[in-house]
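Just below is one structure, and these are the notes that go with it.
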Amino acid sequence: MRRLDELTPGEEARVRAVETSGHVLRRLFALGLRPGARVRLLRRAPLGDPLEVRVGESFVALRQAEARGVVLEEG
Amino acid sequence: MGCPRCSTPAVHPGRRLARIALLGNPNTGKTTLINALAGTRLQVGNWPGTTVEKLEARLGDLTLVDLPGTYSLFATTPEERLARDALLADPPDALLVVLDAGNLERNLPLALEATELGIPMAVVLNLFDEAREKGYDLDPARLEALLGVPVVATVASRGEGVDRLIEAVQTAPVPAPAVIYPPAIERALARVAGAIDAPAARAIAALLLAGEPVAAPETARKAAEAARKELAALGLDPFLEITGARYARARELFQQTLRGHNPRPTLTDRLDRFVLHPVLGPVLFLLGMLFVFRFTFLLSAPWVDFIGGVQEVLAGWTYGLGLPGLLASFLADGLVAGVGTVLAFAPVLFFLYLAMSFLEASGFLARSAFIADRLMHAAGLPGRAFIPLVLGFGCNVPAVYATRTLESFADRLRTALAIPFMACSARLPVFALFAAVFFRERAALVVFALYLLGLAVGLLTAWLLGRFGRLEPSTGVMELPPYRLPRARVLLLQAHARTMSFVKGATGPILLAMVLIWALLHLPPGPLEQSLYARVAGALAHLFAPLGLGDWRLVGALIPGFIAKEVVVGALGVSFLGAAPPDALGFLAGLGQLAAAFLAALQGTLAALLALFGLPSLPAAAGGPTALQAALRGAVTAKAALVYLVFVLLYTPCVATLFALRQELGRRWTTFSVGYQLTVAYLVALLAARILP
Ligand SMILES: Nc1nc2c(ncn2[C@@H]2O[C@H](COP(=O)(O)OP(=O)(O)OP(=O)(O)O)[C@@H](O)[C@H]2O)c(=O)[nH]1
Ligand SMILES: [Mg+2]
């Protein structure tokens, strides 16, 4: 099972599930990171964490640990 | 005309509206829109009981209310909760839902949610120029027909389309709910909404069903609880079902509104390759911070001096009036000096707000948070805490206000309580005074070590609070907004309004503190040694004896230091050398001085603008020891001096900072903060007294 933090910069995938809860889940949903959305990893911050991803027209930053909760579809 | 294509006719055509609220995602141009509509009549206040800014503007007999940016009524931050509660508890007469036309699919769910509020509404497709640049060809008329409310395309920053807005909102109908949920959810909603007697019943029912803590009648709560159980038995999560249906509907609406799209790379894509570059990014970012710092302090310094000059003239005139000595002293050294202290903050605040608003509105603030996040994370803070902390080295007051850009109260608390330990520029004169006498060649090293000590204590404070204060951990999830060039006019207006709101609020408390200190120093009339001040200082000196600071003149200076740190130097001067006789000033001589001070300020501003782009220069080295320095050398040992500086570094920075803390965190946390600072200062100074050779 691949997760968002395993993408390499420039790589794109579709979200299968978001395995977080509470505020982080709601915020991720509101920003467009929800099942079915296509996301692309843009880059990592200078010290490797956080990550920047693109979903639709939104640019979203999230920490490595938070990105681990986003499960991607295979292939 | 209003809404020719709307299915429902306007309820009260031509009626006059009292309050219009602007609802929209963060950064969609709500504030810019209000400014375009109402011009200069912008007012900044605080939402009752919170730290979030309340922006209002009057337009004829309309009041425009700027709600905090929010993604959904399912709130995840205090600001979002505030926006939601403002809408539910005190519904406005109409809503303008402001959407980012360039990110329409993600913005539409909020508009769909808003249709359930039962309030007349119109939709604004703002940032229409950006949408075009991104290659979107949208059809607002189509969206208007689909939603059944007026839809107006605007470019708020250029004022395009805004003239249609007021008319549109005044004739706006109450929309029909725009989303139909799966049958099980609809049944549950109907049951819960039936128990609520409010136009927003459907919206409230949806929130209750998803378990949100919103105000509602007991029967509605019970119905929602029962419905949640039934849905759970069916394997349905109301939050996922409700938002899922909204997202699906938003997608349909978006696709029907879209006439065509040919994607083009934007400025943001290109710029971020440099700004967020692993090596170049941090360098650019540090240079940027340095520039903000220099901008603020270079430009404000001449005006701080000018205010000092005005204060001197007013004091001189007061002494020239021939009033009885004590009264003249009260007016000049108590009242005039108090007002001067407050006003002296205004230039610093103004320029710093200007810089901060620019960073925020342009998109750079979010980027700096992205770059600094990992570092700040180590202290349990989010990346956004970095800028307020750094600003603290300049002045703690605006730094405390800058914590507003943090999302949660927990993060604001952690950061705001750490800020007072950052050695602000007002502490430098005290450091410099002692360091030059006692540490000569190692003066710079000692001062640097003090700065580091302050930083360490601050970060430790933040970490401890997160660890033991049972505060929720910070998150790194945030949107990086596209780069935009903010309007200078909006920035200036906002900086001005915020500065004035500080001056208005802080004058009372600071004046009071100043008058108290004046009374200590001057009552009963006579020599300083017999004043209340000397007596209080003498008592305090016992307390400070374990630190090796038994001299009442040293300890006493810490009391006025509570007003502002630079005052410590003056107070030491008075205690050690005696007060200088006041200078009385004639009317004309005073006018001359005022004019000269004003010219000097203008000249200083010009020089500062030039220096802004030059290289930073170190302050010129001071000459031989002053009389005060010589007196200090005779009275204190080097070790005691260092212990004294540690205490000065760490104890309560100034009344203005306390006032800022009270506005941001409330009375309880401010009281805690004062106690904490005094305790920490005392303990660390005690430690220093024990371990220093
Ligand atoms: N190009 C363009 N820029 C705009 C437009 N409207 C606003 N802006 C810019 O977008 C940025 C954000 O605008 P604000 O008015 O601060 O947005 P806001 O909705 O009040 O944001 P929050 O208060 O954070 O929720 C500013 O730099 C504006 O100058 C527009 O129609 N076109
Ligand atoms: Mg705003």
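Letters A, B, ... are given to chains in the order of the sequence lines, protein chains preceding strands, and every chain is numbered from 1. Just so you know, these numbers come straight off a predicted model, no measurement behind them.
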| note | Among G36(A), P46(A), G32(A), the residue with the most heavy-atom pairs under 4.5 Å to chain B is P46(A)
| remark: Per-residue tally against chain A (heavy atom, under 4.5 Å) across G102(B), P109(B), A75(B), G281(B) peaks at G102(B)
| If you measure from the Lys or Arg side-chain nitrogens to the Asp or Glu carboxylate oxygens, is any gap between E79(B) and R84(B) under 4.0 Å? | no
| message | Looking at K134(B) and P265(B), would you say the former's side chain and the latter's main chain have a donor-acceptor pair under 3.5 Å? | response | no
| task | Tell me, out of G56(A), G22(A), A30(A), S58(A), who's got the most heavy-atom pairs with chain B below 4.5 Å. | result | S58(A)
| said: Tell me whether the rings of Y136(B) and F254(B) are parallel (<30°), tilted (30 to 60°) or perpendicular (>60°). | reply: perpendicular
| Going through the distances and angles, do R484(B) and E130(B) end up as a salt bridge (Lys or Arg N to Asp or Glu O under 4.0 Å)? | CA-CA 10 Å; R484(B) 288 179 188 139; E130(B) 272 192 14; 2.6 Å; yes
| remark: Honestly, the part of R44(A) sitting under 4.5 Å from a heavy atom of chain B is backbone
| query | Please, which pairs that meet salt bridge (charged side-chain N to carboxylate O under 4.0 Å, His left out) have at least one residue in residues 101-112 of chain B, sequence neighbours excluded? | reply | E105(B)-R251(B), R106(B)-E479(B)
| query | Checking S72(B) against chain A: side chain, backbone, both or neither under 4.5 Å from a heavy atom? | reply | neither
| message | Just so I understand: if I count every heavy-atom pair under 4.5 Å between each of G476(B), P481(B), A369(B), P263(B) and chain A, which residue has the most? | response | G476(B)
| field | Part of V24(A) lying under 4.5 Å from any heavy atom of chain B | value | side chain
| query | In chain order, what residues pass the side chain to side chain donor-acceptor pair (under 3.5 Å) check against R467(B), with sequence neighbours excluded? | reply | none
| field | Interchain contact, L51(A) with chain B, by part (heavy-atom threshold 4.5 Å) | value | backbone
| field | Close contacts, residues 64-72 of chain A versus chain B, judged by heavy atoms under 4.5 Å | value | E66(A)
| Presence of salt bridge, D129(B) and R132(B), under 4.0 angstrom | no
| T28(B) versus N107(B), side-chain donor and acceptor atoms under 3.5 Å | no
| field | Heavy-atom contact with chain A under 4.5 Å, split by part of L280(B) | value | neither
| field | Contacts of type side chain to side chain contact (heavy atoms under 4.5 Å, CB included), residue A45(A), not counting sequence neighbours | value | P50(A), F370(B)
| Can you tell which of D269(B), T266(B), D272(B), T268(B) makes a side chain to side chain donor-acceptor pair (under 3.5 Å) with Y483(B)? | D272(B)
